[in-house]
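Below is one structure; the comments refer to it alone.
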Amino acid sequence: MTAYTSDLLKTLSERGYIHQCTDAEALDAAASKGTICAYIGFDCTAPSLHAGSLLGIMMLRKLQQSGHKPIVLMGGGTTKVGDPSGKDESRKVLTDDDISANMAGIREVFTKFLEFGDGPTDAVMVNNADWLDELNYISFLRDYGRHFTVNRMLSFDSVKLRLEREHPLTFLEFNYMILQAYDFLELHRRYGCTLQMGGSDQWGNIVNGIELSRRVDSAELYGLTTALLTTSSGAKMGKTAAGAVWLNADMLSPYDYWQYWRNTEDADVGRFLRLFTELPLDEIEKLESLDGAELNEAKKTLATQATRLAHGDDAAAQAAETARQTFEQGTLADGLPTLDIDPAKLKNGVGILTLTVEAGLAATNGEARRAISNNAIAVNDIRITDPKHTVGESDLVQDGAIKLSFGKKRHVLIRPA
């Protein structure tokens, strides 16, 4: 491990965030001398970010805690284009209204992780539509497009992989890397931003921004990336069988969020504790050294600490208590996710496949059917074996709810309302 002198790079290195850095020695020196300003961009493709974005969010948090200034760049402009990095097909085109609504939802996430304000280390949130929407196309091509060669652009993984798989890459998407490079130049001009961070799939885009700024403004800028995170079994971070692990409570309950972290694979516990909690490293070393049934306590700690950051202390404590009541006492805890259902539908009976999908325990009827064939679906702890089974009023238990379960750890209360 490289011996860094700045609090920023020491922290990022010790906790496992750093994958690549354009000039680590110079960045370390700059971070040791004074306050640096750094940014990460987030396109507005959904009303919430998901757990796959947490590495970037946590890096911005560590940056601020180390005495530096974070910029959250909202991609109001670049979302209209679509980043081809790591994707086999073009992104769905969103309207301006869609993008604005998504941006409003995403803003809520960052208020939990960063301190915003006007101070020297307070975070700021900016929208790249503020400058991208005003660009004159011919002037932009003349002033900045001449610094990019098609030969070089074709060498980047985001382009090369799409072409190798013979999937179309539109000219619209081909422009994305130029626009992202221009973002870095613009942020340096407006805010003195000298560092762009992101996932390793953004390395080419980040280097483009550094080179463009050097050629146009003779600016000395830096780039730092994290490795793209997968679980030990190879699963993509932030995805489950039922869909994305959203960071906004209105899209995924704090309890389900807690459960996501509680179900972490054994081999990932130490790594995730370093990346996604703020526990001291010596405490993490003790937790990751546990094995067998004791390791479950480390997973509960991970779940509670991660949920505390995203949803607050009260929500984390309630999620942990709900899990304790559900799994250790076998009771129907009020804190379980709830699906309100029309009493008339219950009176007539609701198909188990439909109910499982509506409750968010499966993404499709086909997935629900497979779960039933694997004995994974239960109603009030009774396994369902027939995909044509219906759930009705007779399934209501004493407190007026039905417990629908997917496996041993995922439960939803169905209540007539």
Please check if the side chain of S32 supplies one atom and the backbone of S6 the other of a donor-acceptor pair under 3.5 Å. yes

Between M251 and P47, which heavy-atom pair has the shortest distance, and what is it? SD-CB, 3.9 Å

Go through the steps for N102 and T79 under the test side-chain contact (heavy atoms from CB on, under 4.5 Å), then give the verdict. CA-CA 11 Å; N102 289 345; T79 302; over 6 Å; no

With sequence neighbours excluded, give me every salt bridge (charged side-chain N to carboxylate O under 4.0 Å, His left out) pair touching residues 23-40. none

Parallel under 30°, tilted from 30 to 60°, perpendicular over 60°: which one fits the rings of F272 and F276? perpendicular

About how many Å separate CG of L132 and CD of Q180, when rounded to the nearest 0.5 Å? 10.5 Å

Should we count CG of N374 as having more than 12 external heavy atoms under 6.0 Å? yes

Show, in sequence, the C-alpha distance, side-chain angles and deciding distance for S405 and H411, and conclude whether the side-chain hydrogen bond (donor to acceptor under 3.5 Å, both in side chains) test is met. CA-CA 4 Å; S405 306; H411 310 279; 2.7 Å; yes

Just how far is it from atom CG of L55 to atom NE2 of H19, taken to the nearest 0.5 Å? 12.0 Å

Is there a side-chain contact between L287 and L279 in this structure, where contact means two heavy atoms from C-beta onward sitting under 4.5 Å apart? yes

How close do L353 and P387 get, counting heavy atoms only, and between which atoms? CG-O, 3.5 Å

Please walk me through it: do E283 and K286 pass salt bridge (Lys or Arg N to Asp or Glu O under 4.0 Å)? CA-CA 5 Å; E283 186 173 342; K286 293 176 183 176; over 6 Å; no

What's the shortest heavy-atom distance between H188 and A219, and which atoms? CE1-CB, 3.5 Å

Steps toward ring-ring contact (aromatic ring centres under 6.0 Å, His included) verdict (F140, Y182): CA-CA 10 Å; F140 181 72; Y182 183 75; 5.3 Å; yes

Rounded to the nearest 0.5 Å, how far apart are OH of Y222 and CG of L195? 9.5 Å

With a 4.5 Å cut-off on side-chain heavy atoms, are V72 and F42 touching? yes

Exactly one of V124, D43, V126, N127 should register a side-chain contact (heavy atoms from CB on, under 4.5 Å) with L73. Which one does? V126

Treating T264 as the side-chain partner and W261 as the backbone partner, does any N or O pair qualify as donor plus acceptor under 3.5 Å? yes

Sorted by first residue and then second, give each ring pair (Phe, Tyr, Trp, His ring centres under 6.0 Å) pair with at least one member in residues 289-316; sequence neighbours left out. Y257-H311

Rounded to the nearest 0.5 Å, what separation is found between the OH atom of Y4 and the CD1 atom of I18? 4.0 Å

Are K300 and E297 close enough for a salt bridge, meaning some N to O gap below 4.0 Å? yes

Could you give me the CA-CA distance, side-chain angles and deciding distance for L221 and R214, then say whether side-chain contact (heavy atoms from CB on, under 4.5 Å) is met? CA-CA 8 Å; L221 307 183; R214 177 178 54 80; over 6 Å; no

Side-chain touch M237/V245, heavy atoms, less than 4.5 angstrom: no

Evaluate the side-chain proximity of T225 to M197: yes if any heavy-atom separation is below 4.5 Å, no if none is. no

Has the side chain of T356 got a donor or acceptor atom that lies under 3.5 Å from a matching backbone atom of A368? no

S48 versus L247, closest heavy-atom pair with distance: OG-N, 3.3 Å

T231 vs D268, side-chain hydrogen bond (donor to acceptor under 3.5 Å, both in side chains): CA-CA, chis, key distance, verdict: CA-CA 7 Å; T231 65; D268 292 326; 4.6 Å; no

Considering all heavy atoms, the nearest A51-Y260 contact: CB-CE2, 4.4 Å

Would you tabulate the side-chain donor-acceptor contacts of residues 108-121 under 3.5 Å, counting partners in other chains and residues two or more places apart, or write 'none'?
unit_1, atom_1, unit_2, atom_2, d
T111, OG1, E108, O, 2.8
K112, NZ, A310, O, 3.3

Quick one: are L224 and Y17 in side-chain contact, heavy atoms under 4.5 Å? no

Counting only N and O atoms by type, is there a donor-acceptor contact under 3.5 Å from the side chain of D256 to the main-chain atoms of P337? no

What heavy-atom pair brings R274 and E285 nearest, and what distance separates the two atoms? NH2-CG, 3.9 Å

Using atom types as modelled and distance alone, determine if a side-chain donor or acceptor of R308 lies under 3.5 Å from a backbone N or O of T277. no

Going by the rule side chain to side chain donor-acceptor pair (under 3.5 Å), which residues pair with K299 if we only count those two or more places apart in sequence or in a different chain? D266

Hey, are the side chains of L309 and L54 touching, using non-hydrogen atoms and a 4.5 Å cut-off? no

When you look at V357 and N365, which way does the side-chain contact (heavy atoms from CB on, under 4.5 Å) test go after all the steps? CA-CA 7 Å; V357 172; N365 283 356; 3.5 Å; yes

To the nearest 0.5 Å, what is the distance between SG on C37 and CG on L63? 8.0 Å

Separation of R107 CZ from N248 CG (nearest 0.5 Å): 12.5 Å

Take atom CD of Q20 as the centre, draw a 6.0 Å sphere, and report whether it contains more than 12 heavy atoms from other residues, nucleotides or ligands. yes

Between Q202 and Q196, is there a side-chain donor-acceptor contact under 3.5 Å, judged purely by atom types and distance? no

Salt bridge (charged side-chain N to carboxylate O under 4.0 Å, His left out) partners of residues 181-195, not counting sequence neighbours, each pair once: E186-R190, R189-D217

For residues R410 and Q259, determine if any side-chain heavy atom of one lies less than 4.5 Å from a side-chain heavy atom of the other. no

Begin with the C-alpha distance, continue with both residues' side-chain angles, and end with the deciding distance and a verdict on side-chain contact (heavy atoms from CB on, under 4.5 Å) for I36 and L27. CA-CA 9 Å; I36 63 170; L27 176 60; 4.0 Å; yes

With a 4.5 Å heavy-atom cut-off, do S139 and R142 have their side chains touching? yes

Which pairs with one or both residues in residues 50-73 pass salt bridge (charged side-chain N to carboxylate O under 4.0 Å, His left out), sequence neighbours excluded? R61-E278, K62-E278

